[in-house]
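These numbers come from a predicted model, not from an experiment. Quick note: residue numbers are just sequence positions, from 1.
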Amino acid sequence: TTPEELIGEVPAGNPVMTNWGGDKVAMFARNATGNILYRPYQDSVWGDWQNLGGGAYDDPGAASWSDGRIDMFARGTDSNMYTRVLVNGTWTAWNFMAGGSTISSSPSAVSWGVDRYDVMARGPSNQLYHRAWTPQSGWTNYGDMGGCLMAAPSISSPGVNRLNVFVAGCTSGTPNLYTRHWSGSA
């Protein structure tokens with residue numbers, strides 16, 4: 001298809017996208033003042049940019065586990081993680097995500113099934129941090145998965161109870177790309 005120019009506010013960071021049912025896509029980006037921008041796509045039409053506010057330090061992460069719901073995550077200027085949730089067209093207020101530590105990168109988020117989120121970010125000592133959410137337990141505290149990251153991780157899920165994470169490792173000279181897989185049992 002022919003590329004389409006998306007006019008409107010220009011993001012300062014990299015856009016992040018998630019599908020949230022059918023042909024619905026949500027695009028998020030940070031603007032020059034640190035506010036998070038949201039732009040929906042539905043029925044083959046891009047909506048206008050919406051300013052969700054915030055004061056984010058870097059790019060957001062987003063995921064959806066059902067039609068009509070998006071959870072968006074961002075690192076605030078205090079290096080804590082915050083979230084806003086879109087449910088049936090209405091955004092919640094910003095919520096602080098207590099977890100026992102701060103983060104030092106953009107969060108990366110994914111859902112491998114209904115009622116499940118996994119979020120990863122670089123910890124304060126450059127290690128990989130992981131948090132998970134289910135309705136039974138709520139949010140876990142940060143789990144330190146070790147390693148040494150140069151930048152934010154990227155997380156994906158190829159199916160139920162499966163995660164893939166990719167990171168640029170701390171090495172002398174040229175950084176290496178590392179991956180780790182989780183299949184529910186290892």
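Looking at Trp182 and Asn161, their side chains come closer than 4.5 Å, going by heavy atoms from C-beta outward. With contacts defined as side-chain heavy-atom distances shorter than 4.5 Å, the pair Thr102/Asp78 does not qualify. Proximity of Gln50 to Pro40: side-chain heavy atoms (C-beta onward) are separated by under 4.5 Å at one or more points. Side chains of Ser105 and Pro153 form a contact here, defined as non-hydrogen atoms less than 4.5 Å apart. A heavy-atom distance below 4.5 Å is found between the side chains of Trp46 and Arg39. At least one side-chain heavy atom of Asn164 sits under 4.5 Å from a side-chain heavy atom of Pro158.
For the pair Arg131 (side chain) and Met97 (backbone), a donor-acceptor distance under 3.5 Å is present. Looking at Asp59, its side chain does come within 3.5 Å of a backbone N or O of Asn14 through a donor-acceptor pair. With Asn51 contributing its side chain and Trp49 its backbone, the two residues share no donor-acceptor pair below 3.5 Å. Of the possible polar contacts, one joining the Asn19 side chain to the Gly21 backbone as a donor-acceptor pair under 3.5 Å is found. In this structure, the side chain of Thr83 engages the main chain of Met72 through a donor-acceptor pair within 3.5 Å. In this structure, Ser183 contributes its side chain and Arg162 its backbone to no donor-acceptor pair below 3.5 Å. Remark: side-chain polar atoms of Arg180 are paired, donor with acceptor, to backbone N or O of Met145 under 3.5 angstrom. Checked by atom type and distance alone, the side chain of Ser111 never pairs as donor or acceptor with a backbone atom of Ala63 at under 3.5 Å. Distance alone, capped at 3.5 Å, places no donor-acceptor pair between the Ser157 side chain and the Val110 backbone.
Distance NE2/His130 to OG1/Thr140: 6.5 Å, rounded to 0.5 Å. Atom CZ of Arg75 is separated from atom CZ of Arg30 by 9.5 Å, given to the nearest 0.5 angstrom. Taking NE2 of His181 as the reference point, atom CZ of Phe166 lies at 5.5 Å (rounded to 0.5 Å). Separating the OG atom in Ser156 from the CG atom in Asp118 is a distance of 11.0 Å, to the nearest 0.5 Å. The distance from atom CG of Asn31 to atom CG of Leu37, rounded to the nearest 0.5 Å, is 4.5 Å. Rounded to the nearest 0.5 Å, atoms OG (Ser101) and CD (Gln127) are 7.0 Å apart.
Asp144 and Tyr129 form no side-chain donor-acceptor contact under 3.5 Å, judged by distance and modelled atom types alone. For Arg122 and Ser104, the side-chain atoms include at least one donor-acceptor pair closer than 3.5 Å.
Of all non-hydrogen atoms in Ser64 and Tyr117, the two that sit nearest each other are CA-OH, 3.7 Å. Considering every non-hydrogen atom in both Pro15 and Ala29, the closest pair reads CA-CB, 4.2 Å. A pairwise comparison of heavy atoms in Pro60 and Val16 identifies O-CG2, 3.0 Å as the closest pair. Of all heavy-atom pairs spanning Pro107 and Ala121, the tightest one is CA-CB, 4.1 Å.
Remark: Asp67 does not engage Arg69 in a salt bridge, criterion side-chain N to carboxylate O under 4.0 Å.
More than 12 heavy atoms of other residues, nucleotides or ligands lie within 6.0 Å of CG in Asp23, so this atom counts as buried by the packing criterion.
Checked against the 6.0 Å centroid threshold, Trp139 and Phe73 count as a close aromatic pair. Between Tyr38 and Trp91, the ring center distance clears the sub-6.0 Å criterion.
Under a hydrophobic-cluster definition in which Ile, Leu, Val, Met, Phe, Trp and Tyr are linked whenever side-chain heavy atoms come within less than 4.5 Å, directly or via other members, Tyr82 and Val87 are assigned to different clusters. Cluster annotation: Val114 is connected to Val119 through the hydrophobic network of ILVMFWY side chains, with a link wherever side-chain heavy atoms come within less than 4.5 Å. A single hydrophobic cluster is seen to contain both Ile36 and Ile70, as judged by linkage of ILVMFWY side chains at heavy-atom distances under 4.5 Å, directly or through other members. Both Trp20 and Leu52 are assigned to one and the same hydrophobic cluster, defined by single-linkage of ILVMFWY side chains at heavy-atom distances under 4.5 Å. Each of Leu128 and Tyr142 belongs to its own hydrophobic cluster when Ile, Leu, Val, Met, Phe, Trp and Tyr are linked at side-chain heavy-atom distances under 4.5 angstrom.
In terms of the side chain to side chain contact (heavy atoms under 4.5 Å, CB included) criterion, Asn141 has no residue partners (sequence neighbours excluded).
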